[in-house]
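Input: a single structure, listed below in structure tokens.
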Amino acid sequence: MYEPTKKDKFAFGLWTVGNRGADPFGPVVRPRMDPPEIVSRLGELGVWGVSFHDNDLVPLGASPKERDAIVARFRKALAASDVTVSMATVNLFSHPVFRDGAFTAPSFDVRRYALQKTMAAIDLGVELGAKIFVLWGGREGSESDAGKDAVEALKRYREGLNFLTHYVKDKKYTLRFALEAKPNEPRGDIYLSTNGSMLGFIETLDHPEIVGVNPEVAHETMAGLNFYHVVAQSIEAGKLFHIDLNAQKIGRYDQDLRFGSEDFKGAFYLVKLLEESGYAGPKHFDAHAYRTEDIEGVWQFAAGCMRTYKILQHKAALFARDKEIQALLKEQKPTPPYSRKTASAIAATRYDIDRLAAKGADYERLDQLVTDLLAGARGQTLSAS
Ligand code: GCO
Ligand code: MN
Ligand code: MN
């Protein structure tokens with residue numbers, strides 16, 4: 001019942017299950033896995049998609065011949081395991097050349113190199129069937145604002161993104177971009193620090209119709225925000241092109257924990273929203289196993305992300321069929337659109353605001369019912385109420 005199916009569109013990045021456990025205080029603890037090996041293990045777990053940064057697959061500096069051989073081997077592994085490429089992205093953060101940004105770097109040459117690298121990563125992704133290209137500007141930011149004018153940096157950022165959307169259109173690719181925000185780490189502060197900032201920025205681009213967002217649980221939680229609200233706004237704006245699922249304790253560094261392992265109730269509302277909104281994009285786990293784990297722990301981690309999602313998917317169905325819960329939900333009529341007549345009618349109505357104010361919302365009862373449901377103390381079958 002909690003087994004993943006291809007219809008669930010679960011996906012993992014090569015760098016997620018491939019994470020070797022290094023952190024700023026200690027080295028790697030797990031051996032390197034080859035991309036085709038990762039794909040084959042993902043296929044066995046019932047995963048639908050895999051994503052990668054250009055250099056997760058093709059090492060920086062590989063010759064065109066080496067690149068093509070790697071791509072051919074990878075393509076074979078995908079076919080053998082029935083795994084699809086759900087998304088491609090570009091690494092604009094590891095090499096020291098990007099230490100003061102890529103598209104926002106003060107250096108004209110660094111910015112042009114970032115475009116060159118991204119165009120090649122786009123070509124690679126498209127060649128392997130990706131329909132979504134994520135851009136996460138990890139180094140687009142500052143420690144000291146003495147050195148860079150943030151207004152100028154945003155202009156450079158826009159020029160870079162515009163250039164890339166024109167490139168994709170010119171190449172007649174059907175690729176769409178998903179911009180991923182993060183408030184800090186690795187930079188002291190990262191520009192366009194939240195998903196909401198990205199949504200605003202997108203509307204200033206030349207081709208906003210092919211640019212959406214890739215919100216991540218951990219990143220918005222780091223900023224102290226309600227991720228369910230963040231995703232709701234993205235859906236309502238028609239901009240949820242991709243999503244990075246993981247878990248995060250508030251007030252910490254970017255933990256990228258197993259999905260649902262923190263804030264279980266928040267994860268429930270998120271799954272409920274994704275399921276009920278008809279979101280049809282990849283459900284991408286951008287997370288990694290604890291540093292304590294060996295390779296077997298990594299596969300436990302991956303299976304756990306999907307299992308928790310499926311459990312919460314079932315809980316959302318139970319919520320929808322729970323008579324007591326449903327009776328407590330209030331119907332919301334839309335506000336009437338403006339007309340002079342409606343405005344006068346509203347202005348002339350006498351509202352008994354004391355009566356309106358007197359009634360409680362009954363959310364304590366409702367929230368406890370949800371708590372019971374999630375804790376398994378209530379209705380475990382679809383017919384239960
Ligand atoms: C992070 C980010 C990255 C991006 C990835 C795709 O905090 O490290 O979430 O994992 O999602 O680079 O662009
Ligand atoms: Mn993250
Ligand atoms: Mn991410």
Side-chain angles (χ1 to χ4, degrees), residues 10-24 49-57 60 85-95 98 101-103 114 117-118 121-122 124-125 130 132-141 157 160-161 164 175-195 198 211-225 227 230-231 234 240-259 261-263 270 281-291 301 305:
F10 290 138
F12 286 86
L14 285 180
W15 72 93
T16 65
V17 284
N19 178 286
R20 301 179 60 193
D23 68 19
V50 68
S51 63
F52 51 82
H53 298 87
D54 49 354
N55 305 136
D56 298 338
L57 188 59
L60 194 65
V85 171
S86 57
M87 175 272 271
T89 181
V90 59
N91 184 327
L92 297 176
F93 44 88
S94 292
H95 195 282
F98 298 125
F103 303 133
K117 193 171 194 292
T118 307
I122 287 174
L124 176 69
I132 304 276
F133 196 86
V134 162
L135 281 169
W136 170 63
R139 297 283 175 193
E140 315 289 10
Y157 214 158
L161 296 182
L164 294 168
L175 197 69
R176 298 194 299 168
F177 293 94
L179 308 184
E180 178 176 347
K182 187 173 180 180
N184 58 272
E185 196 192 335
R187 295 310 295 261
D189 290 287
I190 298 177
Y191 299 129
L192 301 170
S193 50
T194 64
N195 187 72
M198 287 295 182
V211 187
V213 288
N214 176 38
E216 174 172 315
V217 178
H219 300 177
E220 304 296 310
T221 306
M222 285 166 76
L225 302 178
F227 193 65
V230 165
V231 175
S234 310
L240 189 69
F241 288 7
H242 196 270
I243 190 162
D244 275 359
L245 300 170
N246 53 23
Q248 170 80 23
K249 287 194 195 198
I250 207 157
R252 306 282 208 281
Y253 63 94
D254 186 30
Q255 295 177 303
D256 295 335
L257 299 167
R258 190 180 76 256
F259 179 65
S261 61
E262 296 294 332
D263 187 16
L270 173 61
K283 287 159 196 155
H284 181 253
F285 298 103
D286 185 8
H288 52 74
Y290 305 138
R291 191 168 188 263
F301 145 84
C305 285

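Computed from a predicted model, the values in this text were never measured in an experiment. For the single chain, residues carry numbers from 1 onward in sequence order. For ligands, and for the atoms within them, numbers begin at 1 and follow the listed sequence. Just the heavy atoms: all of them, side chains too, but no hydrogens, waters or symmetry mates, feed the values below.
Contacts of Leu135 with ligand 1, taken as heavy-atom pairs under 4.0 Å, are absent altogether.
Scanning the protein for heavy atoms near atom 2 (C) of ligand 1, the closest one is Glu180 OE2, 3.5 Å. The protein heavy atom nearest to atom 8 (O) of ligand 1 is Trp136 CH2, 3.7 Å. Looking at atom 10 (O) of ligand 1, its nearest protein heavy atom turns out to be Asp286 OD2, 2.8 Å.
Listed by number with element, the atoms of ligand 1 under 4.0 Å from a non-hydrogen atom of Lys182 are 1 (C), 7 (O). Atom numbering of ligand 1 starts at 1 in the shown order; those under 4.0 Å from a heavy atom of Asp244 are 11 (O). Numbered from 1 in the order shown, with element, the atoms of ligand 1 that lie under 4.0 Å from a heavy atom of Glu216 read 9 (O). Each of the following atoms of ligand 1 lies closer than 4.0 Å to a heavy atom of His53: 5 (C), 6 (C), 12 (O), 13 (O). For ligand 1, the atoms closer than 4.0 angstrom to any heavy atom of Asp254 are 1 (C), 7 (O).
Closest approach between the Mn ion (ligand 2) and any N/O/S atom of Asp254 involves OD2.
Residues Asn91 and His53 bring no donor and acceptor atom of their side chains to less than 3.5 Å of each other. Defined by atom type and a distance below 3.5 Å, a donor-acceptor pair is present between the side-chain atoms of Asn195 and Ser234. Side-chain contact annotation: His284 with Ser86, donor-acceptor N/O pair under 3.5 Å absent. Looking only at atom types and distance, the side chain of Asn246 has a donor-acceptor partner in the side chain of Asp256 under 3.5 Å away.
Between Phe177 and Phe133, the ring-plane angle classifies as perpendicular under the 30° and 60° cut-offs. Note: Phe12 and Phe301 have perpendicular aromatic rings, judged against thresholds of 30 and 60 degrees for the angle between ring planes.
In terms of polar-atom proximity, Thr89 is counted as a contact of ligand 1, with an N or O under 3.5 Å from an N or O of the ligand.
Distances under 2.8 Å from the Mn ion (ligand 3) pick out the protein N/O/S atoms Glu180 OE2, Glu216 OE1, Asp244 OD2, Asp286 OD2.
The side chain to side chain contact (heavy atoms under 4.5 Å, CB included) test with Leu164 is passed by exactly one of Leu135, Val90, Val211: Leu135.
Between Phe103 and Leu92 the shortest side-chain heavy-atom distance falls below 4.5 Å.
For Glu185, the closest heavy-atom approach to ligand 1 does not fall below 4.0 Å.
With Gln248 contributing its side chain and Thr221 its backbone, the two residues share no donor-acceptor pair below 3.5 Å. Glu140 places a side-chain N or O within 3.5 Å of a backbone atom of Ala102 that can act as its donor or acceptor partner. A donor-acceptor pair under 3.5 Å is formed between the side chain of Asn214 and the backbone N or O of Ile243.
For the pair Arg139 and Phe98, the cation-pi test (distance below 6.0 Å, angle within 45°) is failed.
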